[in-house]
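What follows is one structure encoded as C-alpha cells, with my remarks underneath.
Note that the coordinates shown come from a computational prediction; the quantities given were computed from them, not determined experimentally. Letters A, B, ... mirror the listed sequences (proteins, then strands); counts begin at 1.
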Protein chains: 2
Amino acid sequence: MHAQSSASVLPVSSLSRLFKALADETRLRIVALLAHGELCVCHVQSGLAVSQPTASRALALLRAAGVVEDRRAGTWVYYRLAAQAEPARRRHLQALVRGFAGDAALGREVAALVAQKGPRACK
Amino acid sequence: MHAQSSASVLPVSSLSRLFKALADETRLRIVALLAHGELCVCHVQSGLAVSQPTASRALALLRAAGVVEDRRAGTWVYYRLAAQAEPARRRHLQALVRGFAGDAALGREVAALVAQKGPRACK
DNA sequence: CGCACATATGTAGATATATGCATATGTGGT
DNA sequence: ACCACATATGCATATATCTACATATGTGCG
C-alpha cells in the first residue's frame with residue numbers, strides 16, 4: 001500500500017484558504033494599505049481606484065477568510081488586519097506586513113487617504 | 001485628485017502570482033512534500049493520491065509560477081523547490097518550508113515514497 | 001524498430017471567481 | 001419622516017480554474 005494523502009497535521013487547508021484570499025491583486029493591495037493602519041471602505045476605494053462595490057466585496061471576502069476585522073463607527077466601517085491564531089498563518093501575514101509597512105511611500109499614501117476622506121477629514 | 005492605485009514599488013503582482021500558485025490545496029501539499037527533498041511526478045501522484053495528469057499539471061503550474069524547478073533523469077522528471085530571487089517571495093517560501101520541514105511525519109512519508117517508487121526503488 | 005514505462009498535453013464540462021450596474025440597508029442629521 | 005451619505009448585496013455576465021478521460025511525447029531497453 002502507499003503512503004496516501006494527509007500531509008500530516010499541518011494546516012494545509014487553512015493556509016490554502018489564506019493564500020486564496022491573498023491571491024487577488026486587489027485584495028493583496030488592500031492588505032498592503034492596511035499594514036499602515038485601519039481604513040474604511042471609502043479609503044480603500046479611492047486608494048486603489050476601484051468601485052465601491054468592488055472595495056466592499058474584497059473587504060468582505062478578506063473578513064470571511066479571517067484576514068481582516070471590521071468595526072463600525074457611525075456611517076463608516078473601519079477594517080483592520082486581524083490577529084492570527086494559527087502560527088503558520090500568523091507568520092505569513094506578519095511577513096507580508098513587515099514588507100508592506102517598510103514602504104514609506106505607501107505610508108504617506110495611506111496618511112493622505114485618511115486625511116482627505118472619512119470622519120477625520122469631514123468634520 | 002486622489003492618491004490612486006500604485007501600492008508603490010512593492011512586488012504586489014509577483015506576490016499575487018505566488019499566492020495564486022499556493023492557493024490550491026493540491027499544489028500546497030506538493031510544496032509540503034518538496035520541503036523534504038526533490039521528488040518525481042510518480043511520488044507526488046501516489047503521495048497525494050491524485051491522478052497522474054493532475055500531479056503533472058499541478059507541478060507544471062508551480063514551475064510556471066517559479067515555485068519549482070525540474071530536472072530530467074532518464075524517464076523520470078524530478079521537481080524541487082526553486083530559489084527565489086525576489087526577497088518577498090523568498091521570505092514567504094522559506095516560511096512555508098520551515099513549517100513543513102519541521103514535520104517529522106511528513107519527512108517519513110516522503111522517505112517512504114522515495115523508497116517505494118522511482119529509480120532508486122526500481123533497480 | 002517496437003515495447004514498456006513516466007510524463008505531458010488536448011479537449012470538454014463543471015464549478016468558481018471577479019466585475020459592472022442597479023438597488024437595498026444602515027446611520028446620522030434636519 | 002425625510003434626506004444624504006457610507007456601505008452592503010442581488011443579479012447577470014465574462015472569465016478563469018479544476019478535473020476526468022483520452023491520447024501524445026519522450027526515454028530506455030531488448
Is the shortest side-chain N/O distance from A:Thr54 to OP1 or OP2 of C:dG20 below 4.0 Å?
yes
Could you tell me how far apart B:Leu61 (CG) and C:dT9 (P) are, to the nearest whole angstrom?
12 Å
Is the closest side-chain donor-acceptor distance between A:Ser51 and A:Thr54 under 3.5 Å?
yes
Can you measure A:Ile30 atom CD1 to C:dA18 atom P for me and round it to whole angstrom units?
11 Å
Does a side-chain N or O of B:Ser56 approach OP1 or OP2 of C:dA6 to a distance below 4.0 Å, or not?
no
With rounding to the nearest 0.5 angstrom, report the CZ to CD distance, A:Phe19 to B:Glu25.
12.0 Å
Over how many whole Å does the gap from B:Trp76 atom CH2 to D:dG28 atom P extend?
10 Å
Reading 5' to 3' through nucleotides 21-27 of chain D, protein heavy-atom contacts under 4.0 Å coded B for base, S for sugar-phosphate only, - for none
BB---BS
Euclidean distance, atom CG of residue B:Leu62 to atom P of D:dT17 [Å, nearest integer]
14 Å
Are OP1 or OP2 of D:dA6 and a side-chain N or O of A:Tyr79 less than 4.0 angstrom apart?
no
Over how many whole Å does the gap from B:Gln45 atom CD to C:dC5 atom C1' extend?
12 Å
Nearest 0.5 angstrom please: A:Leu34 CG to A:Leu59 CG, how far?
7.0 Å
Answer yes or no: is there a donor N or O on one side and an acceptor on the other, between the side chain of A:Ser16 and the main chain of B:Asp24, under 3.5 Å?
no
Return the NE2 to CG distance between A:His92 and B:Leu93, rounded to the nearest 0.5 Å.
8.5 Å
Separation of D:dA6 P from A:Leu39 CG (nearest whole Å)
15 Å
With sequence neighbours left out, what residues match A:Arg80 under salt bridge (Lys or Arg N to Asp or Glu O under 4.0 Å)?
A:Glu69
When the distance from CG of A:Asp70 to P of D:dA8 is rounded to whole Å, what number comes out?
7 Å
Which of residues 17-25 of chain A have a heavy atom under 4.0 Å from DNA chain C?
A:Lys20, A:Asp24
Check the distance between D:dT9's C1' and A:Leu59's CG and give it to me in whole angstrom.
15 Å
Check the side chains of A:Arg90 and A:Gln84 for a donor-acceptor pair under 3.5 angstrom, ignoring hydrogens and angles.
no
Nucleotide nearest A:Thr26 (side chain, heavy atoms from C-beta), chosen from C:dA18, D:dA8, C:dT19:
C:dT19
For the atom pair CZ (B:Phe100) and CG (B:Leu81), what is the distance rounded to the nearest 0.5 Å?
10.0 Å
State, with a plain yes or no, whether a side-chain heavy atom of A:Tyr79 is found less than 4.5 Å away from one of A:Cys40.
no
